[in-house]
Asks: 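Okay, handing you the structure first.
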Amino acid sequence: MTIINNEVTRRRTFAIISHPDAGKTTLTEKLLMYAGAIHIAGSVKARKASRHATSDWMEIEKQRGISVASSVMQMEYRDCVINLLDTPGHQDFSEDTYRVLTAVDAALMVIDAANGVEAQTLRLLAVCRARNTPIVTFINKMDREVRDPLALIDEIEQTLGMTTVPFTWPIGMGRQFHGVFDLQHNCMRVFRPGADRADNDEEIITGLDDPSMTARFGASLTDAQQEIELIKGASPAFDKPAFLSGQQTPVFFGSAINNFGVREILDALVDLAPSPESRQAMQREVHPEEKKFSGVVFKIQANMNPSHRDRIAFVRICSGQFKRGMNLKVVRSSKDIRTNTVVSFLSQRRELLETAFPGDIIGIPNHGTLQLGDTLTEGEALQFTGLPFFAPELFQSVEIADPLRSKQLKLGLTQLGEEGAIQVFRPHIGNTLLLGAVGVLQFEVVTHRLKHEYGVTARIVPAKYQVARWVTADDPRELQRFIEKNAHRIAYDAVDAPTFLASYGAELSVTEENWKLIKFHKLREHAGLVFQTHMNS
C-alpha cells in the first residue's frame with residue numbers, strides 16, 4: 001500500500017450540522033477535548049467569561065455566543081486523522097454551510113432532545129441527501145427534561161425519511177439521566193457531570209440484569225429496559241451500504257455539556273464514517289489515491305488574523321499528496337501559486353504545513369488570486385463542480401458616514417464578497433454597491449466586520465429590489481442586447497456574472513415572458529459558472 005493509500009484510509013472528514021442552539025458548537029468542543037486536541041473546553045454559554053469556544057474565533061461570535069462562520073479543526077484519534085468542520089447553525093448563514101457540505105465525506109447531525117427535528121435541520125439534511133452524504137445522528141441535551149426517546153426516533157424516521165438504528169439508548173432524562181447503554185456492546189457507560197475536562201475513569205457496567213442496578217437507577221432503568229427490548233425487536237440491523245448512501249442513520253444519545261455520549265460519537269466516526277472517496281470533476285472522476293495533487297476552494301475567510309489583514313482560502317484536497325513549496329496551478333486563471341506558507345487549522349490557531357493528504361483541509365494565504373470554487377492542480381485542467389450560490393432574497397444599499405473611508409469600504413466589501421459572507425453587486429449604471437443576502441443577520445455581521453476589521457462605519461439602508469436572477473444566453477449577442485435594454489436593472493457579482501434585479505416577482509415574470517432567449521437562474525455553481533435553470537420560482 002502506498003503512503004497516499006495508507007493516509008487516505010486514516011482520514012475522516014465530516015461537518016457538524018444542526019438547528020441553532022442544539023448544542024453543536026459545545027459538542028465540537030467536547031470532541032476536540034476527548035481527542036486530546038484541547039484540554040479545557042471553552043464555554044459557549046458564558047459570553048462574558050475569558051474562555052470562548054475554540055471553533056468560535058470571530059469577535060461577533062464571542063459576543064453573541066453563536067457561530068456565524070464555519071471553522072475547521074484537525075485532530076488525531078485512534079490512529080485516524082479527523083477533519084472536523086463546525087458550521088453556522090443559523091439559517092441566515094446557510095450558504096456557508098451548504099458550501100462546507102460539498103467538502104466533507106460525512107455529517108454529524110445534532111438534534112435537541114427537547115425540540116426534535118427543526119426547520120434548519122430539514123434544510124441542511126436535504127443538501128446531504130442530495131449528495132448521498134452519510135449521516136450520524138446525536139440526540140443532545142438528555143440531561144434536561146426532554147421528549148420521549150421513542151417519539152424522537154419515530155419523528156426522525158417520519159420527518160427525515162431515514163431509517164434509524166439506535167446504537168446507544170439513554171437511561172433516564174433530566175435530573176434522572178444516569179448515562180447511556182451501548183446496544184452494540186451490551187454495556188452501560190455511567191458518567192459524572194463535568195463540563196470542562198475529559199474523564200478517563202468512567203464507570204462501565206456490563207449488561208442491565210444486575211439486581212443492584214435497579215436499586216441504584218430505579219424507575220429510569222426499568223423504563224429503559226422495556227424501551228431497549230422494543231427497539232431491539234423493531235429496529236433493523238445496521239446496514240453499512242445503506243448508511244453510506246444516506247438512507248440509514250445510526251443514532252446516539254447524550255449530553256455534550258456534561259460529556260455524556262461524546263466518546264461514542266468519536267468512535268462511531270472512526271468506525272463508520274467513510275474515508276475520502278472519488279470526486280467528480282467536469283472532465284473525469286478523480287480518485288484520492290492518484291499521485292497528482294488536486295483540490296477545490298470551498299471557503300475564503302478574511303481577517304482570521306486581524307493584525308495582518310489576511311485572507312485564507314480553505315482547500316479540500318481531493319487527490320494526491322500536498323508538499324510544502326510545491327507549485328500549484330489555478331485552473332480558472334492558469335496562474336501558478338507557491339505554497340511555502342500553507343497552514344493547517346485548529347480553528348483560528350494555525351501551523352505551517354509540511355504535508356497533507358486527500359480529505360485534509362489546508363489553508364492557502366490569498367490576496368485575491370483564489371475564488372470560491374477554484375480548482376488547484378499540478379497542471380491538469382480539471383474543474384470540480386457543485387459549489388452552490390443562491391440568488392439573494394434581501395437587498396440593502398451601503399452608505400458611508402465618512403467619505404474619506406470609501407477606499408476602505410470598497411476593500412472591505414470586496415473581500416467579504418469574495419468570502420461569500422455577503423453577495424456584493426456592482427451596478428451596470430452608477431456607483432452605489434448593492435448587498436444581497438439570504439438572511440437579515442448577514443447585514444448585521446457585515447456592518448460589524450466593516451467597523452471592527454476595516455475601520456469603516458457604514459449605514460445599511462433598504463434597496464428597492466426584492467428579486468435577483470443570474471442571466472445567461474446561448475447567443476452572447478442576445479445577452480448583450482438584454483443587458484443594454486435593461487441596464488438600470490443589471491448588476492455584476494463577485495465573479496462579474498450579470499444579474500437581473502427586480503422590485504417584485506411579477507416584474508421578473510413579465511421580463512421572462514418578453515425575453516424568451518434569456519435564461520434566468522436562481523442558483524449558480526461557481527465552478528465553471530455552471531448555472532441551473534430549473535429553479536426559476
Side-chain angles (χ1 to χ4, degrees), residues 91-96 98-99 119 122-123 126-127 130 371-373 385-399 413-414 416-417 420-443 446 459-537:
Q91 65 179 14
D92 285 9
F93 305 100
S94 55
E95 274 195 289
D96 195 31
Y98 293 149
R99 288 192 280 268
L122 282 169
R123 279 188 285 269
V127 177
Q371 296 179 355
L372 286 169
T385 62
L387 202 71
F389 283 77
F390 299 89
E393 300 170 1
L394 302 168
F395 297 89
Q396 304 274 8
S397 297
V398 187
E399 295 180 354
L413 289 178
T414 298
L416 295 176
I422 197 88
Q423 292 195 51
V424 181
F425 293 92
R426 172 177 50 84
H428 187 73
I429 297 175
N431 298 314
T432 303
L433 293 176
L434 190 68
L435 304 185
V438 296
V440 175
L441 193 55
Q442 284 180 272
F443 295 121
V446 165
R459 291 186 296 269
I460 307 294
V461 297
K464 63 180 180 179
Y465 302 111
Q466 294 183 12
V467 181
R469 293 292 184 269
W470 286 284
V471 288
T472 62
D474 294 332
D475 184 349
R477 293 171 298 180
E478 181 69 9
L479 179 61
Q480 187 59 40
R481 191 169 76 89
F482 174 80
I483 290 173
E484 291 172 357
K485 293 290 186 180
N486 297 275
H488 62 292
R489 290 181 294 184
I490 296 293
Y492 301 89
D493 68 3
V495 296
D496 286 331
T499 311
F500 176 79
L501 304 171
S503 298
Y504 42 89
E507 187 179 11
L508 171 64
S509 298
V510 170
T511 306
E512 288 179 312
E513 184 67 25
N514 291 337
W515 292 85
K516 297 289 190 182
L517 299 180
I518 300 297
K519 299 174 184 177
F520 296 81
H521 310 271
K522 190 175 182 179
L523 173 70
R524 73 166 172 85
E525 294 182 5
H526 186 282
L529 295 183
V530 179
F531 290 83
Q532 295 190 12
T533 57
H534 62 277
M535 297 183 64
N536 289 337
S537 60

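Just so it is clear, the structure is predicted and the values come from calculations on it, not from any experiment.
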Asks: Between Lys522 and Trp470, which heavy-atom pair has the shortest distance, and what is it?
Replies: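 Reported closest heavy-atom pair: O-CZ3, 3.7 Å.
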
Asks: Which atom names give the shortest non-hydrogen contact between Ala491 and Phe425, and what distance separates them?
Replies: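 Closest heavy-atom pair between Ala491 and Phe425: CB-CB, 3.8 Å.
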
Asks: I'd like to check Gln396 versus Pro462 (side-chain heavy atoms, cut-off strictly below 4.5 Å). Are they in contact?
Replies: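 When only atoms from C-beta onward are counted, Pro462 and Gln396 do touch, with a gap below 4.5 Å.
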
Asks: Please answer whether the main-chain N or O of Arg469 pairs with a side-chain N or O of Thr499 as donor and acceptor at a distance below 3.5 Å.
Replies: no

Asks: For residues Gln371 and Val495, report the shortest heavy-atom separation together with the two atoms involved.
Replies: OE1-CG1, 3.2 Å

Asks: Using the salt bridge (charged side-chain N to carboxylate O under 4.0 Å, His left out) rule, collect all pairs that involve residues 490-499, keeping only residues at least two apart or in two chains.
Replies: Arg426-Asp496, Asp493-Arg524

Asks: Looking at Ser509, is its backbone amide N or carbonyl O close enough to the side chain of Glu513 to form a donor-acceptor pair, meaning the two atoms are under 3.5 Å apart?
Replies: no

Asks: Mind checking side chain to side chain donor-acceptor pair (under 3.5 Å) for Tyr504 and listing every partner two or more places apart, or none if nothing turns up?
Replies: none

Asks: Output yes when Glu484 and Arg481 qualify as a salt bridge under the 4.0 Å nitrogen-oxygen rule, no when they do not.
Replies: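 Looking at Glu484 and Arg481, the cut-off is not met.
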
Asks: Do Leu517 and Phe482 come within less than 4.5 Å of each other through their side chains, counting heavy atoms only?
Replies: no

Asks: Roughly how far, to the nearest 0.5 Å, is CG of Leu501 from CD of Gln466?
Replies: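 It comes to 12.0 Å.
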
Asks: Can you check whether Leu479 reaches Val471 side chain to side chain, under 4.5 Å on heavy atoms?
Replies: yes

Asks: Going by the side-chain contact (heavy atoms from CB on, under 4.5 Å) test, name the single residue among Val467, Leu434, Leu435 that passes it with Phe395.
Replies: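 Among Val467, Leu434, Leu435, the one that satisfies the side-chain contact (heavy atoms from CB on, under 4.5 Å) with Phe395 is Leu434.
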
Asks: Could you tell me the separation between the OG atom of Ser397 and the NZ atom of Lys464, rounded to the nearest 0.5 Å?
Replies: 9.5 Å

Asks: Going through the checks in order, is the side chain to side chain contact (heavy atoms under 4.5 Å, CB included) test met by Ile518 and Glu512?
Replies: CA-CA 7 Å; Ile518 300 297; Glu512 288 179 312; over 6 Å; no

Asks: Measure across His428 and Ile483 and return the closest heavy-atom pair with its distance rounded to 0.1 Å.
Replies: CE1-CG2, 3.8 Å

Asks: What are the two closest heavy atoms between Val398 and Thr432, and how far apart are they?
Replies: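 In this case the closest contact between Val398 and Thr432 is O-CG2, 4.4 Å.
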
Asks: If you round to the nearest 0.5 Å, how far is CD1 of Ile429 from NE2 of His488?
Replies: 8.0 Å

Asks: Indicate the ring-plane relationship of Phe500 and Phe520, choosing parallel, tilted or perpendicular according to the 30° and 60° boundaries.
Replies: perpendicular

